[in-house]
Amino acid sequence: MGSCVRFCNNQYHHCHKPHNSPLSAKLSNMTLLGFNPATRIDVALLALAILGTCFAEKREIYLALMEGDPVAFAGVSSSHEHGFSRQNLNREASRAHAKRLVDSHDQLLQSVLETGSYKKLYSFNHVINGFSVHITESQAKRLKETPGVRLVERDRGAKLMTTYTPQFLGLRQGVWRQQGGPRDAGEGIVLGFVDTGINPAHPSFANVGLPPLNGTSRFSGGACETGPLFPAISCNGKIISARFFSAGAQAAAALNPLVDILSPFDAVGHGSHVASIAAGNPDVAVVANGLYGWASGVAPGARIAVYKVVYPTVGTLTDVVAAIDQAVHDGVDALALSVGPDEAPEDTPTLLSVFDMAMLSARRAGVFVAQAVGNKGPSPSTVLSYSPWAVGVAAASTDRTYPASLLLGSGQRIAGVGLSGPTLGNGMVHYKLVLAKDAIFPYGAFPRTPPYTEECQYPQALDPALVLGSIVICTFSAGFFNQTSSLTAILNTARSRGFAGFVLVANPAYGDFIAEPIPFYVPGIMIPRVADAQVILLSISSLYIRFFLLTKLPNAFVQILSQYYEQETGRDQGGASTRFGARAAIGEGRVASFGGRAPTVSRFSSRGPDYIDVDRTPVDVLKPDILAPGHQVWAAWSPMSASEPILVGQSFALLSGTSMATPHVIGAAALIKQINPSWTPSMIASAMLTTATKHDNYGDLIMAEGSDISSLSPATPFDIGSGLLNPTSALNPGLVFPSDHEDDISFLCSLPKMDPLMVKAATGESCTRSLTYPSDLNLPSVTISALTGVRTVRRRVKNVSARQLTFTVSMRPPNGTAISVNPPWFTIDPQGVQDLDMEISVTQASNELSGFRHGEVVLTGPEDPSSQIQLVVPITFSVRVQPDG
């Protein structure tokens with residue numbers, strides 16, 4: 001992330017390795033001149049003395065927060081979640097305040113650090129007061145000790161957390177119909193995307209007769225920053241603003257001008273994918289290696305503001321924070337963060353990092369923030385979204401699959417994965433089946449390693465006479481396991497050697513592998529399960545195995561050949577193939593199939609419980625917050641595809657990740673904000689969480705994938721949060737759980753062992769009021785990581801409907817606990833509030849329990865006259881009894 005620098009006479013230069021330095025050269029010359037070993041010791045001591053005055057130290061990016069209010073909150077009470085005024089930022093006084101902050105940053109750096117020894121990258125002044133700077137660790141320590149500096153944190157980098165889903169979420173027959181059709185859904189709302197940029201030529205982002213932006217949005221205009229591949233016409237009204245941030249990237253690495261495009265243009269594809277899921281135009285034809293249907297964003301009428309921060313070579317947190325600061329200044333209504341740090345901060349509590357403080361400030365300014373929870377599942381405590389002020393989104397599958405098949409000459413049909421057309425003849429014509437290991441070019445000058453002999457990575461390793469016009473079996477082996485081999489290389493080999501098709505099969509030595517459908521321009525199929533592969537790849541005679549063990553592959557895994565293949569393949573005494581009689585065809589793999597259990601939590605989706613430090617100490621906040629489709633989602637792409645060679649030239653991609661789930665939530669926020677423009681971010685989040693569903697399309701509890709490829713188990717709130725997003729129901733939740741900025745500060749002050757000075761350093765605000773427990777933060781969930789005896793938790797609900805409502809309370813307490821709620825029923829007027837005191841007590845010894853247990857309190861109200869559905873407001877409980885409880 002940083003470059004090495006040498007400090008000599010208070011100046012810095014890129015340093016060289018010691019053996020190339022002038023000092024090293026002098027020492028080498030001394031040795032050549034005949035110095036004896038004792039003299040060399042003296043010389044070494046002299047070298048250490050010289051290095052003491054001229055030393056090499058690595059430079060990295062650091063982010064600093066300063067005392068003093070940023071522009072947005074100068075003179076604003078902390079009790080206001082949306083006390084931020086668009087007009088305030090345009091006044092002369094505000095511009096003067098911003099200049100004073102920037103000047104103060106420059107003056108501090110000049111007073112603490114030597115001239116020429118640092119490079120300031122950004123000043124943050126809109127919603128946070130601070131800066132980022134390229135310095136050494138020792139300089140960072142000096143900054144940290146300087147009066148006026150609240151917090152200094154090393155940049156941890158930024159990673160990407162890498163259609164049918166509107167129909168799966170019920171949008172076309174639900175909220176879209178209520179809002180006049182898909183083109184009007186989200187109209188007047190501006191969504192901000194902090195990502196890899198956007199492909200402005202994509203039809204998902206064309207201006208198809210959009211009206212001028214109305215007064216619903218907070219947006220104030222933004223800017224259109226032009227550059228390579230991004231002319232001024234790119235900002236066409238659908239793309240309403242576009243900026244790029246590269247100071248951090250340029251400080252962290254040497255950028256490649258061919259792909260690290262210094263403009264908002266998306267060279268990767270990820271940013272285009274995310275933006276089109278949330279706000280892409282309706283009914284855009286999805287064309288890859290065939291027509292796959294029609295894609296629409298969740299809120300097709302919403303506008304897009306682009307903030308490019310991640311490049312093919314590198315992404316930095318400093319560029320992300322600068323983009324968040326600017327996006328809030330521009331006035332976006334909601335912010336999608338499918339990028340972010342890939343690890344917890346080293347020395348700072350997770351909730352007090354600069355990144356989380358930027359999101360806290362955005363929330364305070366009235367911006368709804370959704371954040372990908374990460375792709376580190378299914379292990380527990382792997383979430384990368386920590387804070388209650390950002391909605392953490394987990395990923396789930398839908399009920400759409402793309403079945404593919406391999407048709408053997410024996411009549412057997414083997415199921416697999418691959419978005420591929422069939423071999424010529426559409427399955428009616430069978431082709432010679434050849435195992436790559438049997439087609440090795442005998443005279444080739446190449447290493448006999450798995451990428452060459454088994455994995456079809458190098459065309460020169462295969463005998464063209466044997467593989468031309470054949471279906472070649474490639475094996476998942478060491479190269480794929482070590483992530484040095486690729487499907488792209490197989491496709492290149494197939495095209496170069498003229499394969500009729502290819503099969504990539506699982507290898508018992510490495511177990512099942514995860515296969516995601518990818519468009520193949522050569523007929524192909526992946527068979528990722530060993531059990532399926534062994535229909536093809538079954539054991540043959542022990543004599544043949546002993547021969548391979550002793551002669552061909554000593555100390556290596558023996559490739560087990562298929563019973564069918566072996567029966568049809570002739571071999572000489574040495575085991576070499578002399579006749580290829582096996583035949584096969586590859587079936588059509590591009591036709592979608594609908595059915596099966598859905599949603600299920602995707603294996604990769606990061607899991608809770610939430611934690612506050614690198615030791616995974618639990619924090620009493622439910623994470624993830626919500627579940628959304630994030631597995632095999634079709635959306636826009638960039639043909640440059642600088643990071644995914646297999647997708648070069650494509651305008652659409654089928655991707656999986658919590659990156660894909662997050663824009664579904666941002667799109668839903670636009671739909672809710674359009675109908676309820678006065679709602680705060682906490683109210684929008686509450687509406688989503690209380691109307692989410694915990695059941696699948698079979699009516700059963702949602703299931704979650706485990707470590708084994710075929711394993712499923714009932715999902716817990718640490719897998720799904722409050723459940724699967726239901727945008728239509730979220731428009732009319734009946735009750736919401738509101739909270740404001742002051743509540744968030746009180747929550748931080750109530751965390752166990754939290755130093756109030758740390759809260760002050762991170763937020764700039766004192767702990768004047770603390771919650772009794774962190775679990776008292778007004779969320780539609782209750783998480784208690786160490787329950788002892790009895791605890792009373794209070795929640796406050798607000799009636800956001802236009803009529804008086806009466807609710808009754810029921811409980812399903814976590815195992816080993818009992819819950820009572822006061823009042824047991826209540827009537828609440830429009831815009832009225834009601835407090836609920838929920839007492840939870842331990843009823844079972846902790847040594848009889850293990851880990852967290854889950855339950856819920858349910859508020860059941862009247863039938864909603866518009867939907868004819870009964871209002872049900874659940875409060876999710878996740879409780880762990882402390883050993884002495």
Side-chain angles (χ1 to χ4, degrees), residues 378-379 404 406 408 412 414-418 433-441 444 446-458 461-462 467 471-491 493-494 499 501-516 518 524-569 571 574-577 582 584 603-604 705-711:
S379 299
L406 179 69
L408 300 180
Q412 291 173 290
I414 312 299
V417 178
L433 192 62
V434 178
L435 184 69
K437 190 178 293 184
D438 283 338
I440 298 302
F441 194 59
F446 53 84
R448 265 52 178 179
T449 57
Y452 287 87
T453 61
E454 301 177 34
E455 297 179 338
C456 306
Q457 298 294 292
Y458 299 95
L462 299 174
V467 299
I471 295 177
V472 179
I473 304 173
C474 313
T475 307
F476 184 101
S477 195
F480 281 104
F481 185 78
N482 297 327
Q483 300 183 32
T484 56
S485 295
S486 70
L487 283 169
T488 303
I490 293 181
L491 290 169
T493 298
F499 292 3
F502 72 89
V503 186
L504 178 63
V505 297
N507 184 334
Y510 297 98
D512 297 348
F513 66 91
I514 297 173
E516 293 289 340
I518 299 172
I525 184 172
M526 297 177 283
I527 301 177
R529 289 168 46 91
V530 170
D532 293 333
Q534 284 183 333
V535 175
I536 310 168
L537 304 179
L538 292 175
S539 176
I540 59 168
S541 73
S542 59
L543 175 65
Y544 184 59
I545 290 177
R546 281 200 304 272
F547 170 82
F548 264 76
L549 279 170
L550 295 174
T551 62
K552 288 200 172 184
L553 292 170
N555 303 317
F557 170 74
V558 178
Q559 174 65 51
I560 303 172
L561 301 177
S562 74
Q563 187 173 31
Y564 165 70
Y565 178 81
E566 196 59 30
Q567 286 173 347
E568 302 296 332
T569 301
R571 298 188 181 278
S577 54
R603 179 178 298 102
F604 57 78
E705 294 179 342
S707 298
D708 296 334
I709 284 184
S710 58
S711 64

Angle class for the F476/Y510 ring planes (parallel below 30°, perpendicular above 60°, tilted otherwise)?
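Perpendicular.
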Would you check if R603 and I514 make a side-chain contact, meaning some heavy-atom pair closer than 4.5 Å?
yes
Are the side chains of Q457 and S486 in touch, meaning some heavy atoms are under 4.5 Å apart?
yes
To the nearest 0.5 Å, how far apart are [atom1] in [X] and [atom2] in [Y]?
{"X": "C474", "Y": "K437", "atom1": "SG", "atom2": "NZ", "value": "12.5 Å"}
{"X": "I471", "Y": "F499", "atom1": "CD1", "atom2": "CZ", "value": "11.0 Å"}
{"X": "T449", "Y": "E455", "atom1": "OG1", "atom2": "CD", "value": "8.5 Å"}

Could R448 and F446 be counted as a cation-pi pair, given that NZ or CZ must be under 6.0 Å from the ring centre and within 45° of the axis?
yes
Is there a donor-acceptor pair closer than 3.5 Å between any side-chain N or O of T493 and the backbone N or O of C456?
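Pair found, side chain donor or acceptor close to backbone of C456.
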The single option from I490, N507, T475 that satisfies side-chain contact (heavy atoms from CB on, under 4.5 Å) with F480 is I490
Flag yes if more than 12 heavy atoms outside F441 fall under 6.0 Å of its CZ atom; otherwise flag no.
yes
What one should report as the nearest heavy-atom pair of A439 and V434 is CB-CG1, 3.7 Å
Those residues that, when tested against A404, pass side-chain contact (heavy atoms from CB on, under 4.5 Å) (two or more places apart)
I525
